[in-house]
Asks: 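Can you read through this structure? Questions will come right after.
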Amino acid sequence: MAVFMSRKEPIYQTILSALVLELNANHFRKNDPFYSESELRKKYQVSSTTVVRVLNMLADQGYIYRVQGKGSFVSCLLYTSDAADDGES
């Protein structure tokens with residue numbers, strides 16, 4: 001998946017939005033393992049700090065839960081979020 005770097009928003013926000021869209025597209029099921037920090041670093045070519053920030057934001061928004069030493073897992077699929085503009089009023 002390509003991240004469009006020409007956007008005026010911070011890269012972590014661009015990645016967050018892309019991952020929320022991917023989660024909402026039902027590419028994952030509840031309790032499925034989510035991308036590892038290493039996978040996301042390679043996929044988006046960003047630092048560990050950026051990846052951890054995005055994963056923490058996904059966890060805060062209820063998309064994933066994180067287990068120390070085990071990884072991140074899909075908690076539930078939410079169809080609206082501040083991270084992804086869904087166009088609804």
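These numbers were taken from a predicted model, which means no experiment stands behind them.
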Asks: Tell me whether L19 shares a hydrophobic cluster with I11, the cluster being built from Ile, Leu, Val, Met, Phe, Trp, Tyr side chains joined at under 4.5 Å.
Replies: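 Linked, L19 and I11 end up in one cluster.
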Asks: Assigning hydrophobic clusters by single linkage (Ile, Leu, Val, Met, Phe, Trp, Tyr; side-chain heavy-atom cutoff under 4.5 Å), is I15 placed with V74?
Replies: yes
Asks: Working to the nearest 0.5 angstrom, can you tell me the gap between F28 CZ and S75 OG?
Replies: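 The distance works out to 12.0 Å.
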Asks: With ILVMFWY side chains joined below 4.5 Å, transitively, what does V67's cluster contain besides itself?
Replies: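 Y65, F73, all in the cluster of V67.
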Asks: Any side-chain to backbone donor/acceptor pair from D32 onto R29? Under 3.5 Å, distance only.
Replies: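 It does hold such a pair.
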Asks: How many angstroms lie between CG in L16 and CD in E9, if you round to the nearest 0.5 Å?
Replies: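 Interatomic distance, L16 CG to E9 CD, rounded to 0.5 Å: 9.0 Å.
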Asks: Please check if the side chain of S72 supplies one atom and the backbone of I64 the other of a donor-acceptor pair under 3.5 Å.
Replies: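 Not confirmed, S72 side chain does not pair with I64 backbone.
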Asks: Any chain of hydrophobic side-chain contacts (each under 4.5 Å) joining Y12 to V20?
Replies: yes
Asks: Dump the intermediate steps for side-chain contact (heavy atoms from CB on, under 4.5 Å) on L23 and L58, then the final yes or no.
Replies: CA-CA 10 Å; L23 283 162; L58 286 170; 4.3 Å; yes
Asks: Check the side chains of E22 and Y35 for a donor-acceptor pair under 3.5 angstrom, ignoring hydrogens and angles.
Replies: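 Present: a donor and an acceptor within the cut-off.
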Asks: Are R66 and E37 close enough for a salt bridge, meaning some N to O gap below 4.0 Å?
Replies: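 A salt bridge is present here (some side-chain N lies under 4.0 Å from a carboxylate O).
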Asks: Do S47 and T50 get their side chains close enough for a donor-acceptor pair, meaning under 3.5 Å?
Replies: yes
Asks: Are any non-hydrogen side-chain atoms of R41 and S48 less than 4.5 angstrom apart?
Replies: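 Sidechains of S48 and R41: in contact.
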Asks: Let's go through V46 and V51 carefully: what are the C-alpha distance in whole Å and the side-chain angles of both, what is the deciding distance for side-chain contact (heavy atoms from CB on, under 4.5 Å) to 0.1 Å, and is it a yes or a no?
Replies: CA-CA 7 Å; V46 294; V51 168; 3.7 Å; yes
